[in-house]
Number of protein chains: 2
Amino acid sequence: MGRIKTDSNLTRKDVIISKAATLFREKGYKAASMRELADIVGVEAASLYNHIKSKSELLHEICFNVANRFSHIMDEVEAEKISSLEKIEKLLRFHINGMVHHFEEVYVSDREWKYLSDPYLSNFQNQRRTYRKRFAAIIEDGIRKKEIKKIDPTTAVLIMLHAISGIESWHRSKQKINGDELEENMITILVGGLKK
Amino acid sequence: MGRIKTDSNLTRKDVIISKAATLFREKGYKAASMRELADIVGVEAASLYNHIKSKSELLHEICFNVANRFSHIMDEVEAEKISSLEKIEKLLRFHINGMVHHFEEVYVSDREWKYLSDPYLSNFQNQRRTYRKRFAAIIEDGIRKKEIKKIDPTTAVLIMLHAISGIESWHRSKQKINGDELEENMITILVGGLKK
DNA sequence: TAGCAGGGCTAACGTTAGTTAGTGTATTTT
DNA sequence: AAAATACACTAACTAACGTTAGCCCTGCTA
């Protein structure tokens, strides 16, 4: 077999990570084998190790790429001078877009993170917990300002984030409405559920 | 080691299935090993095979137990003479209760079904698809009767069901509100998001 | 009390997994 | 053009997996 083909300015490692994300999404991390991944990449299994240290490195690259993007957008949103409901809408749209346009990675990060091993595991869990607290704080603020119903903020966050991970079903389904309609529908229901 | 202890009128197989559900929930189906399960049950791995045919039998017992319960409640709800919104609320409460009180099995059925093998896999997918269509039909009916906002029913179902599977996070979290409060909060947000 | 399942056990099987070692060839750098 | 690096290959190792075979004890039934 020939070399791994790299489009434009991607490294070979990037190519492997990207194909790994697809494979992990389809089969699950544990069920996906390095030999299978190698096949997809177009190379022998052993050759992968010229570019990566281990299977688990693939997983934590994927998970932290995603987690860091979310941390970053949260920084931005917190800094903006808009209402709580607008902040939430902005976050939700970012999540929905991620799930629609970077499906493989986001999905893997969401469902397979438990196979990370320490110290990555604890690290990831911390980042996740922190993110949710910041999200909940925005909701709490909205309740104080009477923009939002009196509900438990933690529960609200849980509903929002998991509802969005349901976009997985949308990807699976045969006759899907288009991505933009999906986004508008989700915003209508979710933000509508919070509004006073 | 001694025999498998069976409380009341459970068979030894039931005990194994129940402990398998817990293990599969914690580790995931693929990552859970029969030797580990045997340890938990208090027996050697080989001894499990006196009661079950295979590891995969455990998974499909769990998945279909749950799926059948949901089919059954849907039959009941469809037959009742109440408004669409009330039907939806009833279904949601059943789902929430399942997730709170039969967490292990419901969670495994929700997240690990993809490791079923045919014919169970296709079967399960069919049951799932059918269930969601029936759910969507109720929402569609509600829209026609102007009880519910004009939204895409399929998207609404997807949001509801996945939001509920987020109760997983509630189980994980240290300082949780109690189950009844959780239920009320979820109903408020979800049903509130649909109502016109 | 003899017999026979039921249900444990140990040992071992064939597979598959992730990964390493060592070698050769193509590509890049000097 | 020569030297060095990158990267592919084959072969193999060890560990773990699900599962089977065959044996032995125990407690119910005849």
Side-chain angles (χ1 to χ4, degrees), chain A residues 1-21 23-24 26-63 108 112 114-118 120-121, chain B residues 1-21 23-24 26-63 108 112 114-118 120-121:
Chain A
M1 309 197 183
R3 305 208 145 188
I4 298 175
K5 296 195 184 90
T6 66
D7 305 337
S8 66
N9 54 359
L10 292 178
T11 68
R12 280 170 235 270
K13 184 170 175 178
D14 290 334
V15 173
I16 294 171
I17 292 173
S18 156
K19 306 229 172 177
L23 184 63
F24 292 171
E26 281 169 357
K27 305 255 178 166
Y29 176 74
K30 279 284 173 185
S33 84
M34 295 304 277
R35 285 168 177 84
E36 225 173 338
L37 175 58
D39 256 15
I40 294 169
V41 173
V43 103
E44 288 299 318
S47 307
L48 295 173
Y49 289 86
N50 287 319
H51 305 281
I52 61 164
K53 280 194 281 298
S54 64
K55 184 184 184 188
S56 72
E57 187 194 2
L58 292 171
L59 183 60
H60 68 245
E61 287 270 3
I62 294 167
C63 290
V108 169
E112 307 290 326
K114 69 172 150 186
Y115 301 110
L116 289 168
S117 41
D118 272 322
Y120 298 102
L121 178 59
Chain B
M1 309 199 182
R3 306 205 144 190
I4 298 176
K5 296 196 184 89
T6 65
D7 304 338
S8 65
N9 54 358
L10 293 178
T11 67
R12 281 171 234 273
K13 185 171 175 177
D14 290 333
V15 173
I16 294 172
I17 292 173
S18 156
K19 305 229 172 182
L23 184 63
F24 292 170
E26 280 169 357
K27 304 254 179 167
Y29 175 74
K30 279 285 173 185
S33 84
M34 295 304 275
R35 285 169 176 84
E36 224 172 340
L37 175 58
D39 255 15
I40 293 169
V41 173
V43 103
E44 287 300 316
S47 306
L48 295 173
Y49 290 84
N50 288 320
H51 306 282
I52 60 165
K53 279 193 282 296
S54 64
K55 184 185 182 185
S56 71
E57 187 195 3
L58 291 172
L59 184 60
H60 69 246
E61 287 271 1
I62 294 167
C63 289
V108 168
E112 307 289 326
K114 70 172 150 186
Y115 300 110
L116 288 168
S117 41
D118 272 323
Y120 297 102
L121 178 59

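Note on naming: letters A, B, ... go to the chains in the order of the sequence lines (proteins, then strands), and numbering restarts at 1 for each one. Predicted model only: the values in this text are computed from it and were never measured.
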How close do B/Glu44 and B/Ala38 get, counting heavy atoms only, and between which atoms? C-CB, 3.6 Å
Should the pair A/Glu36-A/Lys27 be classified as a salt bridge under the 4.0 Å nitrogen-to-oxygen rule? yes
Is any side-chain N or O of A/His51 closer than 4.0 Å to OP1 or OP2 of D/dA6? no
Work out which heavy atom in B/Ile62 is nearest to a heavy atom in B/Ala20; give both atom names and the distance. CD1-C, 4.4 Å
Please report, rounded to the nearest Å, how far the C1' atom of C/dT10 is from the CG atom of B/Leu48. 15 Å
Phosphate-side-chain proximity, B/Ser47 and C/dG7, N/O vs OP1/OP2 below 4.0 Å: no
Rounded to whole angstrom units, what separation is found between the CD atom of A/Glu44 and the C1' atom of D/dC9? 7 Å
Between D/dC7, D/dC9, C/dT10, which nucleotide has the shortest distance from any of its atoms to the side chain of A/Arg12? D/dC7
What string of B, S and - do you get for nucleotides 11-21 of chain C, 5' to 3', if B is base contact, S is sugar-phosphate-only contact and - is no contact with any protein heavy atom under 4.0 Å? BB----BBBBB
Which atom pair, heavy atoms only, marks the closest approach of B/Ala32 to B/Phe24? CB-CD2, 3.7 Å
Would you kindly give the CD1-to-C1' distance between B/Ile16 and C/dG8, to the nearest whole Å? 12 Å
Residue pair B/Lys13 / B/Ile52: nearest heavy atoms and the distance that separates them: CG-CG2, 4.2 Å
Within-4.5 Å side-chain heavy-atom neighbours: A/Leu116 and A/Ser56: no
Can you find a donor-acceptor N/O pair under 3.5 angstrom joining the side chain of B/Asn50 to the base of C/dG6? no
